[in-house]
Amino acid sequence: FTPAQAADQVIKIGVDLPVSGADASDGIPTQNGVTLAVEEANTHAPKGFKFEVDALDDAVGGVHNPQQGATNIRSLAADPAVMGVVGPFNSNVAAAEIPVSNESGLPLISPSNTNPTLTKTAKYRTAHPDVITYFRVCATDDVQGKAGAEFAKTLGLKKVYVIDDNETYGLGLANVFEKDFKEMGGSVLGHDHITANQQDFKALLTKVASTHPDAVYYGGTTSTGGGLVRQQMASAGMDPTKVKYVGGDGISDEEFIKVASDAANNSYYTVAAPNAAKSASAQSFIKAYKAKFHSDIGAYSANGYVAAQVIIAAAEKTIKQNGGKAPARAQVLKNIQNTSGFKSIIGTFGFDKNGDTTSPVIALWTIKDGKQDFVHQINVSAK
Amino acid sequence: MATLLELRQIDAFYGRIQALHGISLRVDKGEVVALIGSNGAGKTTTLRVISGLLRPAHGQVIYEGQDITRLSPDLIVGRRLIQSPEGRRIFARMTVLENLQLGAYTRTSLTEVAESLEEVFTLFPRLKERINQKGGTLSGGEQQMLAIGRALMSKPELLLLDEPSLGLSPLLVQTIFSIIRDINKRGVTILLIEQNARQALQIAHRGYVLETGNITMQDTAANLLASEEVRAAYLGGSVKAS
Amino acid sequence: MAFFALKNVTKSFGGLVAVKTVSYEVQPGQIAAMIGPNGAGKSTAFNLVTGLYVPTSGEIEFNGQSIGGKKPDFVCKLGIARTFQNIRLFAFMTAVENVMAGRHVRMGAMLWDSLLHTPKQRAEERHVREKAMELLRFVKLERHADDYAHNLPYGFQRRLEIARALASDPTLLLLDEPAAGMNPREKEDLMELIRAIRDRGTTVFLIEHDMGLVMNISERIAVLDHGEKIAEGTPAEIRADSRVIEAYLGKSA
Amino acid sequence: MLHWKKYRPIDWALVAIAVFMPFLPLVDHNGGHINVLVNAGIYMMLAIGLNIVVGFAGLLDLGYAAFFAIGSYTYAMVASPQFGLHFSFWPMVLISAFVAAIFGVILGAPTLRLRGDYLAIVTLGFGEIVPQTFLNLAKYTGGPNGISAIDQPKLFGYHFGLNPLPYYYLVLVLIAFSLIVANNLRTSRLGRAWMAIREDEIAAAHMGINTTTAKLAAFSLGASFSGLSGVVNASLLTLVSPDQFKFNVSITVLSMLVLGGMGSLPGVVVGSALLSILNFFILPQASNLAATVGLHIDFTSYRFMLYGIILVAVMLFKPEGLWGSEQRRAELKESDITKAENAEYEEMPRETV
Amino acid sequence: MELFIQQVINGLSLGGIYALIALGYTMVYGIIELINFAHGDVYTLGSFFSIAIIGLLDASGRLHGVPLLLVLAVALAGSMILCGIVGVLLERLAYRRLRNAPRLAPLITAIGASFILENIMQLWRGPSPIPFPSVVPNVTWHFGGVNLSSNEVLVVVMALFLMAVLQIFIYNTRLGKAMRATAQDRDAAQLMGININMTIALTFFIGSALAGVGGFVSGIYYGSTWFYNGFEAGLKAFTAAVLGGIGNVAGAMLGGFVIGMVESLTAGFISDQWATVAVFLLLVLVLIFRPSGLLGEVLPDKV
Ligand SMILES: Nc1ncnc2c1ncn2[C@@H]1O[C@H](COP(=O)(O)OP(=O)(O)OP(=O)(O)O)[C@@H](O)[C@H]1O
Ligand SMILES: Nc1ncnc2c1ncn2[C@@H]1O[C@H](COP(=O)(O)OP(=O)(O)OP(=O)(O)O)[C@@H](O)[C@H]1O
Ligand SMILES: [Mg+2]
Ligand SMILES: [Mg+2]
């Protein structure tokens with residue numbers, strides 16, 4: 001609270017994520033990513049300006065809540081200093097927020113919504129069907145599921161059992177995987193949905209084991225059971241060195257390795273971004289994150305970080321366009337819409353006409369000796 | 001006779017309702033003292049104060065020369081000041097034996113407890129017959145015997161009895177009163193509350209009359225029995241108590 | 001057909017036979033009593049009548065109808081009301097609300113009326129309140145109409161329970177130990193009240209251990225022991241019955 | 001009857017706030033604030049409904065969100081592209097309320113013989129089963145995605161759209177209506193019957209009250225209010241999905257009742273308003289609000305604890321609720337002895353009657 | 001058939017964990033008629049404490065023989081004691097003042113306490129799942145096509161053993177009698193000379209310590225935990241206590257096993273997503289026919 005700072009004009013980056021209760025494991029690491037981006041931006045902010053995080057929680061009583069999400073977006077929209085919002089985390093919250101964002105012109109960039117219909121149809125853009133205000137930096141389920149299926153194929157898997165967490169992301173991913181894997185000639189032995197927040201999957205896995213699969217495909221995140229499913233496979237009679245485990249970016253976190261422990265090896269997963277390890281910026285991000293929050297990054301920390309960077313960049317650009325004067329939200333929106341060739345720790349991307357990321361790269365990873373190990377990456381759009 | 005229990009200027013409240021207005025009373029060693037009064041006069045409240053179940057707003061309870069006003073009920077019981085409460089309060093889902101054992105909760109010598117148990121069974125042979133029956137399935141009279149027996153198991157110095165004859169058949173009422181007299185003869189001091197004032201005063205040495213939270217009379221039992229006021233208010237004219 | 005009759009009624013709980021082939025008839029306009037040692041089965045008999053228990057065998061007749069095994073609310077509707085051995089008032093309702101609740105079964109307001117407070121409903125409420133006040137006056141509790149039942153002294157609670165029972169316009173009133181815990185003075189008042197109830201046209205059937213009261217007001221007495229009826233007759237007959245003396249009254253009575 | 005011996009200043013304050021509510025949007029144009037109030041209103045209707053079940057009839061229901069879900073899904077299924085049906089909003093308000101009421105009977109019926117907390121756990125079970133079933137029956141309900149693009153109401157040609165303002169007035173009207181109906185119920189034959197059942201079920205039955213019908217009436221009437229709020233909720237959000245109706249919703253609504261003062265309508269209003277504002281406004285913005293008073297604390301990680309602490313603190317200091325009805329206040333003074341006696345009654349029917 | 005037996009084994013071990021939690025629920029409910037919603041979180045705390053203690057003893061490296069047993073014993077005892085203390089503190093701070101308050105008031109403080117505990121655990125070890133150090137080698141035996149692991153045996157044996165100890169304690173010791181008496185009639189219990197505050201605190205201590213055992217055992221069994229674990233497990237365990245007849249020790253055990261079994265068999269032979277539905281449907285069905293639970297009437301005693 002120094003006078004110099006007080007004189008700076010504040011540009012707010014809104015955040016709408018679930019950060020309390022059970023959903024804290026989703027929201028907090030993601031929000032941390034945003035915080036980091038904003039702090040970094042302030043080290044080189046345009047003169048006379050200062051970025052601030054305005055973070056709202058969309059969980060009520062510990063569970064993400066679409067009502068709360070819509071309310072938050074309205075609140076943020078009512079504050080002219082907010083130039084854009086990073087969020088939401090959950091697709092059904094997005095379904096309630098997109099109409100509000102669309103109506104009020106407040107840009108929304110989701111780090112994690114992967115449900116294709118959110119962008120690909122106009123049904124949520126009720127006020128202005130042809131204005132895009134909702135964007136995302138992650139690939140949609142259809143892209144990733146397909147990549148997963150191809151990956152499975154290249155691994156030589158023939159019989160796969162599909163399990164998902166019965167949430168929008170996990171179910172969507174698993175469905176696409178199942179469809180594509182079958183189309184590619186693979187056989188799906190069964191498809192089961194688990195209930196999030198469960199601890200015991202042995203009954204299901206015993207049943208899975210009895211079908212003798214080559215691999216289990218898991219659609220979902222570590223916190224909804226991705227790690228436990230893998231870890232309990234052994235005790236249900238599936239040798240993890242023989243039965244592989246395939247999933248999406250929901251299990252691309254250190255937690256997965258810790259929870260699955262011995263069984264983590266021989267797991268494979270897709271990530272909807274190029275290999276971050278190859279870019280120095282990602283390394284410094286991971287280091288900075290660890291230093292500040294004393295924990296490993298979450299599955300969507302990097303996406304939160306990048307989403308915030310997109311808004312910050314658009315705001316900075318607007319300021320430049322305005323000759324150092326304060327940006328207006330509509331201008332910022334326009335600049336976000338025009339984002340292209342944006343270099344980030346999750347790759348270089350822009351937004352297409354629906355607001356989806358143009359980054360077509362899906363990276364394939366495995367876990368070897370208890371460590372994440374890059375396999376290769378494929379450009380999905382090239383196909 | 002030495003004073004065993006003394007209440008000094010007790011005020012007691014339920015929320016904002018004052019149930020006792022500065023009452024004072026005394027029980028000497030070896031006595032049977034009757035406390036009579038109409039419904040809601042505060043008799044039960046008095047016993048609750050003595051046993052520590054209700055904290056008085058003012059006043060003191062002195063027992064064996066010591067102030068026990070602030071002691072918790074279990075510590076008061078530990079001093080052999082025992083109450084058989086209104087409504088019997090049997091542990092319904094425990095057997096007769098367990099109920100009696102709980103009566104001896106504060107006692108440590110197993111042989112003495114066994115002796116007391118035998119004593120109770122001599123007083124109430126019926127309880128011995130029902131030793132493994134659940135308290136809740138006993139008939140009203142049997143429950144009353146159990147309540148008194150349970151109180152005796154703690155080897156009371158002073159026994160507070162709250163309406164021991166309530167709901168009992170005439171025959172059992174006689175039995176209970178003779179048992180009370182018996183217990184007293186064995187050296188237990190007794191403070192007795194009874195609606196059945198006539199009989200209570202017949203076995204008591206002294207008595208107090210409580211009216212809406214105030215002690216209005218105190219005298220020897222014989223004098224109270226003879227008193228016109230007591231007769232009119234508590235002994236009844238036309239209705240002869242059994 | 002009898003006004004009210006127990007016909008060979010038996011009730012057993014597991015192995016225990018609480019009421020054993022008891023037959024007993026109460027005439028309209030009577031004050032009848034049932035006495036007997038603790039655990040004789042008196043309260044159980046009442047519970048059978050009001051539908052709390054289903055008889056193991058036997059018939060209970062009321063106004064020509066068989067009511068054994070019927071639900072309490074149905075029995076109440078037919079015109080039998082009761083009080084309880086341990087007072088069961090609606091503790092945190094006021095006295096007048098207690099009595100109004102007792103009137104429930106004689107009211108006609110339907111869900112619709114309750115939801116919208118139709119004029120019909122309002123008129124009925126007014127009427128029921130008046131009726132309840134009248135009953136409170138009858139039991140001399142009008143001054144306590146707005147007191148919570150819980151805060152009333154014991155004796156008053158007993159009377160309130162009677163008023164509540166009377167609110168359903170019963171033709172038969174069952175009282176289970178109405179004088180328990182009352183002092184002699186209060187018992188005298190109670191006797192007067194019971195007589196007045198009878199005089200209003202309600203038949204009274206009571207259970208009581210207070211022989212002064214029982215002998216004084218009842219016209220007929222049944223004596224139960226170990227679930228069986230061991231005697232029946234006028235107070236004088238009962239007092240002289242050696243079996244009753246031995247089982248129940250004791251020598252001093 | 002309102003048993004208020006005299007109106008306290010705080011009562012007048014409440015009335016003043018109520019009178020002011022319709023004019024609030026003239027002063028506060030912030031859409032976020034209005035949205036918070038609409039959400040609060042939806043929860044208030046839920047609380048008014050649950051109060052009938054728990055407060056009036058004394059049936060502890062831990063799965064009330066199930067009815068909210070049923071009301072919401074009923075409207076969603078017939079007013080969205082899901083099945084291509086587009087029923088009009090207004091009749092659906094009543095129809096959803098009715099459907100929820102029917103489910104109230106269906107779910108209530110098997111629980112009637114249960115006492116106290118057994119009932120609570122069964123309702124809790126229903127609260128778990130219903131959203132899980134909506135989740136599992138993906139063919140009809142859209143599974144985890146739920147049903148979206150739900151229709152908004154039209155009134156005399158005016159399309160509500162997404163603007164929270166018309167919903168605000170709609171909710172105000174519905175709340176006023178709900179309060180009147182709930183108060184009517186309370187002071188009627190049925191309300192008295194519920195009170196009697198709550199106090200002493202056996203005695204109530206002996207007064208001629210058919211406890212089965214009365215309890216079912218409570219379940220279904222209570223459920224019908226959640227039907228109302230469900231429709232408003234679904235149309236304003238344009239979305240229903242299973243995770244909107246989890247256990248935490250039932251618990252939140254119950255907390256509103258208890259915090260406000262169970263059984264008392266002003267209590268329900270106060271409790272639901274305060275807890276909604278806490279939940280929807282203060283807690284999500286805790287860090288920002290702290291900053292405006294000069295406190296730079298990041299509450300992100302403490303939100304849940306804050307919520308817990310507030311619940312515990314309010315209960316410890318006002319166990320009868322912020323606006324406990326006189327009855328509940330009186331019950332508080334009930335001593336141990338009467339309590340224990342009551343407990344004894346329940347366990348030993350043979351001694352009681 | 002082999003598959004069925006295997007699922008039964010799964011069900012029993014899951015049920016064992018539920019049972020351990022249910023014992024605490026049933027004890028606390030039995031004595032003060034409170035649904036202690038925070039109990040599930042005490043169970044999770046048990047895992048957290050165990051992890052912390054094993055970490056402190058630096059047993060992450062493979063230990064064998066006596067040192068391993070020693071570490072395990074210390075972790076188990078520590079978890080029990082610490083959970084017990086948490087339980088006692090909960091009672092003292094959140095429930096005792098409300099003993100004579102309207103019934104739902106302590107229910108709400110219990111929910112509040114649950115949120116507080118969850119948040120504390122989240123702050124302590126972060127919001128994501130955390131691994132339980134795998135110090136115990138899990139031995140698997142094969143019987144034809146059926147596998148039985150030492151962990152499964154551990155869970156079930158632990159649950160049965162503790163239930164037996166608890167049953168003996170409650171029915172045959174002086175303190176156990178005091179607990180039952182306090183449960184039935186607090187005032188009367190005081191008039192017997194029972195210190196009811198101490199007795200209730202003891203009940204919380206024992207119940208919570210059992211949750212501590214549950215947390216320890218489930219940590220070993222599942223190999224991980226997270227701060228929100230107790231929510232779901234707590235609901236199921238409470239359901240188990242009700243199913244068995246709340247207040248009844250043997251009932252809680254039976255209920256736990258039944259629910260574990262139903263969950264496993266549904267997940268194994270129908271579908272995992274219907275497991276919860278099946279559990280609650282079973283509960284409703286049982287309560288329709290036995291309104292006070294499976295053992296509620298045969299042994300109506302509260303703890
Ligand atoms: N738990 C309570 N809460 C509020 N008031 C009470 C409570 N218990 C008793 N009172 C009131 O305190 C006064 C004294 O009651 P108390 O029970 O001591 O009377 P009592 O002389 O024992 O009467 P009884 O002959 O009916 O047993 C009465 O006015 C009664 O209404
Ligand atoms: N629900 C029940 N379950 C088991 N036994 C019962 C039940 N109800 C009553 N009994 C038994 O039936 C017998 C008669 O009980 P009841 O209450 O009818 O006696 P009572 O004549 O009213 O006695 P009191 O004068 O003591 O009230 C008793 O032995 C009692 O144990
Ligand atoms: Mg008394
Ligand atoms: Mg009786």
Side-chain angles (χ1 to χ4, degrees), chain A residues 19-29 61-62 163-166 190-210 221-228 231-232 234-237 253-264 293-296 298-299, chain E residues 2-3 6-11 13-14 17-18 111 114-115 118-119 122-123 125-134 138 140 142 145-147 149 151-152 218 221-233 236 260-261 263-277:
Chain A
V19 294
S20 53
D23 285 343
S25 60
D26 293 331
I28 288 183
I163 296 175
D164 70 66
D165 63 2
N166 220 1
H191 186 164
D192 257 302
H193 318 284
I194 60 168
T195 314
N197 299 349
Q198 235 174 290
Q199 195 180 10
D200 188 288
F201 300 103
K202 284 186 61 183
L204 169 64
L205 291 171
T206 301
K207 170 175 150 188
V208 172
S210 71
T221 62
T222 305
S223 62
T224 55
L228 284 169
Q231 187 246 342
Q232 289 174 23
S235 56
D253 44 20
E254 292 286 332
E255 255 84 35
F256 173 78
I257 298 175
K258 286 189 196 149
V259 172
S261 65
D262 299 344
F293 303 108
H294 312 292
S295 64
D296 293 322
Chain E
E2 280 164 356
L3 194 55
Q6 194 69 56
Q7 294 296 18
V8 167
I9 293 174
N10 289 337
S13 27
L14 175 60
I17 302 227
Y18 287 153
I111 289 165
S114 158
F115 292 165
E118 281 167 16
N119 209 149
Q122 181 204 318
L123 289 172
R125 296 302 301 258
S128 308
I130 51 174
F132 194 96
S134 47
N138 187 19
T140 308
H142 303 274
V146 178
N147 302 329
S149 74
N151 282 348
E152 286 160 345
S218 87
Y221 182 68
Y222 291 118
S224 85
T225 186
W226 69 307
F227 78 100
Y228 205 65
N229 219 0
F231 177 80
E232 194 79 16
K236 295 266 173 60
M261 203 75 87
E263 218 178 301
S264 281
L265 293 181
T266 313
F269 293 105
I270 301 173
S271 164
D272 197 272
Q273 59 179 333
W274 291 106
T276 305
V277 176

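Every chain is numbered from 1, with letters handed out A, B, ... down the list of sequences.
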Of the backbone (N, CA, C, O) and the side chain (C-beta and beyond), which part of [X] lies under 4.5 Å from a heavy atom of chain A, both, or neither?
{"X": "Ser271(E)", "answer": "both"}
{"X": "Asn119(E)", "answer": "neither"}
{"X": "Phe227(E)", "answer": "side chain"}
{"X": "Gln122(E)", "answer": "side chain"}

Looking at every non-hydrogen atom in both residues, tell me the closest pair between [X] and [Y] and how far apart they are.
{"X": "Ile194(A)", "Y": "Asp272(E)", "answer": "CA-OD1, 3.4 Å"}
{"X": "Ala267(E)", "Y": "Ala203(A)", "answer": "CB-CB, 3.8 Å"}
{"X": "Trp226(E)", "Y": "Ser223(A)", "answer": "CZ2-O, 4.2 Å"}
{"X": "Pro129(E)", "Y": "Thr222(A)", "answer": "CG-O, 4.2 Å"}

Backbone of Gln198(A) reached by a side-chain donor or acceptor of Glu232(E) within 3.5 Å: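 No: the side chain of Glu232(E) does not pair with the backbone of Gln198(A).
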Any chance you could measure [X], atom [atom1], to [Y], atom [atom2], to the nearest 0.5 Å?
{"X": "Leu204(A)", "Y": "Gln7(E)", "atom1": "CG", "atom2": "CD", "result": "8.5 Å"}
{"X": "Leu205(A)", "Y": "Gln6(E)", "atom1": "CG", "atom2": "CD", "result": "11.5 Å"}
{"X": "Tyr228(E)", "Y": "Gln199(A)", "atom1": "OH", "atom2": "CD", "result": "14.5 Å"}

Chain E contact via [X] - side chain, backbone, both or neither, heavy atoms under 4.5 Å:
{"X": "Ser261(A)", "value": "neither"}
{"X": "Ile28(A)", "value": "side chain"}
{"X": "Gln231(A)", "value": "side chain"}
{"X": "Leu228(A)", "value": "side chain"}
{"X": "Thr195(A)", "value": "both"}
{"X": "Asp200(A)", "value": "both"}

With Lys202(A) via salt bridge (charged side-chain N to carboxylate O under 4.0 Å, His left out) - residues at least two apart: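 Lys202(A) satisfies salt bridge (charged side-chain N to carboxylate O under 4.0 Å, His left out) with Glu152(E) only.
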Interface residue of largest heavy-atom contact number with chain E, from Gly237(A), Ser235(A), Gly21(A), under 4.5 Å: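 Heavy-atom pair counts peak at Gly21(A).
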Sequence-distant partners of Asp23(A), side-chain hydrogen bond (donor to acceptor under 3.5 Å, both in side chains), two or more places apart: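 For Asp23(A), the residues satisfying side-chain hydrogen bond (donor to acceptor under 3.5 Å, both in side chains) (neighbours in sequence not counted) are His64(A).
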